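Worth saying up front: this structure is predicted, and the values here are computed from it rather than measured.
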Amino acid sequence: MKQKKRSHILAVCDVEVEYAYNFMEYLNRKKSLPFEVQAFTGPEVLCEFARERPIEILLISDKAVTEQVRKLDVGKLIILSEGVHSPELDQYPSVYKYQASDAVIREVMDCYGAEKLALEDVKLMKRAVSVIGVYSPVGRSQKTSFALTLGQILAKERTVLYLNMENYSGFEELLGEEYERNLSDLLYFARQENTNLVHKIQGMVRSLQNMDYIPPAIGPMDIQEAGLREWTAVLEQIGQNSAYETVILDLGDGVSDLFQILDLCDQIYMPVRGDAFSAAKIHQFESLLRIWDFTGVLEKLQKIKLPFHSTSRTGRGYFEDLVWSELGDYVRQLLRKEAG
């Protein structure tokens with residue numbers, strides 16, 4: 001008898017009703033998560049549902065685990081633990097219940113992504129992903145501020161993933177955060193031809209308002225050593241097997257195969273400045289594109305001169321203020337003009 005494929009469902013079961021539904025609401029707001037989310041407040045209804053629609057990930061409170069639950073054919077059962085649970089549940093991985101929801105889902109996806117899964121079982125119905133490049137050969141052009149502003153504004157209407165590909169991003173210092181996993185790890189997995197990259201990504205992502213981002217690489221060597229093969233693998237996995245509709249590449253000069261990666265983009269924004277040195281650098285960059293036969297990149301380039309912006313806040317507040325700054329107004333006007 002042919003085994004029925006598991007639906008792409010993440011089920012949350014907790015006898016604490018408020019927690020179960022609040023967590024489901026959080027997951028449903030996180031549109032980039034490549035799962036349909038279902039919440040249950042008791043094992044009986046859960047088991048009845050699972051007989052009709054087999055579950056890929058079951059995140060369940062230790063208090064809700066019964067013998068019937070253990071017999072369910074689920075892809076991965078993960079215990080939602082309050083800190084201490086019965087030793088008989090030690091055979092299952094667990095995550096601590098009373099922490100931030102984004103931390104819970106990162107641990108869940110990291111655990112799920114640790115196992116190699118058959119991608120044909122988890123294909124998504126989705127629109128094609130749009131890849132937007134942001135690059136400038138000119139220094140101090142507000143390139144990253146523009147990319148972050150663009151990403152946060154676009155994320156109000158669609159699912160967006162931001163990738164910072166600079167030698168030095170400064171994110172940990174600016175945001176006051178420490179990251180266990182970052183872009184360096186993702187590039188390592190891509191180099192190993194890991195077919196489960198999309199779930200590795202979900203185990204790493206953080207959010208700025210509605211925009212997801214992968215913590216940038218810890219050092220410049222990881223960016224400089226990654227070539228077209230690794231970046232193509234990452235973008236292909238995102239395009240084929242994630243819920244993201246837009247990927248923003250914040251490109252720095254340390255990126256190998258820069259022109260080839262720019263050629264992968266559907267649209268490229270180039271912040272510029274008005275001084276003579278900046279104009280000369282842009283002319284040299286465009287000349288090289290012609291010499292090396294990357295005229296397709298030239299056709300996608302859109303030069304933009306950005307307004308100065310200021311904010312009194314630091315940390316996460318600085319990033320959020322970008323949306324309502326002069327730069328945010330500029331980006332909204334730019335997007336309205338492009339929309340027609």
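- In this structure a side-chain-to-backbone donor-acceptor pair under 3.5 Å is present from Q152 to L148.
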Report task. Would you sort out whether R106 and D110 count as a salt bridge (charged side-chain N to carboxylate O under 4.0 Å, His left out), showing the intermediate values? Result -> CA-CA 6 Å; R106 274 200 305 274; D110 193 42; over 6 Å; no
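- Side chain of S287 to main chain of H283: a donor-acceptor pair is present (N/O by atom type, distance under 3.5 Å, no hydrogens or angles).
- Not a single donor-acceptor pair under 3.5 Å links the side chain of R332 to the backbone N or O of W324.
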Report task. Assess whether side-chain hydrogen bond (donor to acceptor under 3.5 Å, both in side chains) is satisfied between Y112 and E56, documenting all intermediate values. Result -> CA-CA 9 Å; Y112 178 69; E56 187 60 42; 3.1 Å; yes
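- Distance OG1/T144 to CG/L251: 10.0 Å, rounded to 0.5 Å.
- Ring pair F23/Y19 is parallel by interplanar angle, where below 30° counts as parallel and above 60° as perpendicular.
- For the residue pair Q267/Y269, the side-chain donor-acceptor check at 3.5 Å is satisfied.
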Query - ring-ring contact (aromatic ring centres under 6.0 Å, His included) evaluation trace for F259 with F285 - result: CA-CA 10 Å; F259 287 7; F285 172 73; 5.5 Å; yes
Query raised in the report: Is there a side-chain contact (heavy atoms from CB on, under 4.5 Å) between I132 and L154 once you walk through the steps?
Result: CA-CA 11 Å; I132 298 175; L154 288 176; 4.0 Å; yes
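- Ring centroids of Y213 and F319 are separated by 6.0 Å or more, keeping the two rings apart.
- Residues L175 and R206 have side chains not in contact (no heavy-atom distance under 4.5 Å, counting atoms from C-beta outward).
- Crowding of E82 atom CD: a count of heavy atoms from other residues, nucleotides or ligands under 6.0 Å exceeding 12.
- The 12-atom threshold is not exceeded at NZ of K63, counting heavy atoms of other residues, nucleotides or ligands nearer than 6.0 Å.
- Judged purely by atom type and a 3.5 angstrom limit, T159 uses its side chain to pair as donor or acceptor with the backbone of E245.
- Under the 30°/60° scheme for interplanar angles, the aromatic rings of H199 and F35 are found to be tilted.
- Between atom CD of residue Q240 and atom CG of residue L235 there is a gap of 11.0 Å, rounded to the nearest 0.5 Å.
- Under the 4.5 Å side-chain criterion, counting only non-hydrogen atoms from C-beta, E230 is not in contact with E225.
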Query - Audit row: Q192, L197, side-chain contact (heavy atoms from CB on, under 4.5 Å) steps and yes/no - result: CA-CA 10 Å; Q192 301 301 312; L197 281 179; over 6 Å; no
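- Put simply, the residue from K305, H309, R273 that forms a side-chain hydrogen bond (donor to acceptor under 3.5 Å, both in side chains) with Q142 is H309.
- With values rounded to the nearest 0.5 angstrom, S94 atom OG is found 10.5 Å from L59 atom CG.
- The distance from atom CG of D62 to atom NZ of K97, rounded to the nearest 0.5 Å, is 8.0 Å.
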**Report entry** K143/D250 under salt bridge (charged side-chain N to carboxylate O under 4.0 Å, His left out): CA gap, chis, key distance, verdict
**Finding:** CA-CA 8 Å; K143 174 182 67 69; D250 185 355; 2.3 Å; yes
Requested in this report: Dump the intermediate steps for side-chain contact (heavy atoms from CB on, under 4.5 Å) on R181 and F189, then the final yes or no.
Outcome: CA-CA 12 Å; R181 298 284 182 89; F189 294 133; 4.2 Å; yes
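- Expressed to the nearest 0.5 Å, how far CD of E16 lies from CG of D14 amounts to 5.5 Å.
- In this structure, E193 and R229 have side chains that are in contact, with non-hydrogen atoms separated by less than 4.5 Å.
- The main-chain N or O of Q224 is found under 3.5 Å from a side-chain atom of S256 such that the two form a donor-acceptor pair.
- For the atom pair L228 CG and L258 CG, the distance stands at 11.0 Å (nearest 0.5 Å).
- Looking at S207, its side chain never comes within 3.5 Å of a backbone N or O of Q209 through a donor-acceptor pair.
- In this structure, L289 is a member of the same hydrophobic cluster as L249, with clusters built from ILVMFWY side-chain heavy atoms closer than 4.5 Å.
- Side-chain contact between F146 and L322: absent, with no pair of heavy atoms (C-beta onward) separated by less than 4.5 Å.
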Query - Verdict with reasoning, I223 to L183, per side-chain contact (heavy atoms from CB on, under 4.5 Å) - result: CA-CA 9 Å; I223 295 294; L183 189 58; 4.1 Å; yes
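- Residues C111 and I78 form a side-chain contact, since some pair of their non-hydrogen atoms from C-beta on lies under 4.5 Å apart.
- Using a distance-only test at 3.5 Å, with no hydrogens or angles considered, no donor-acceptor pair links the side chain of D321 to the main chain of Y318.
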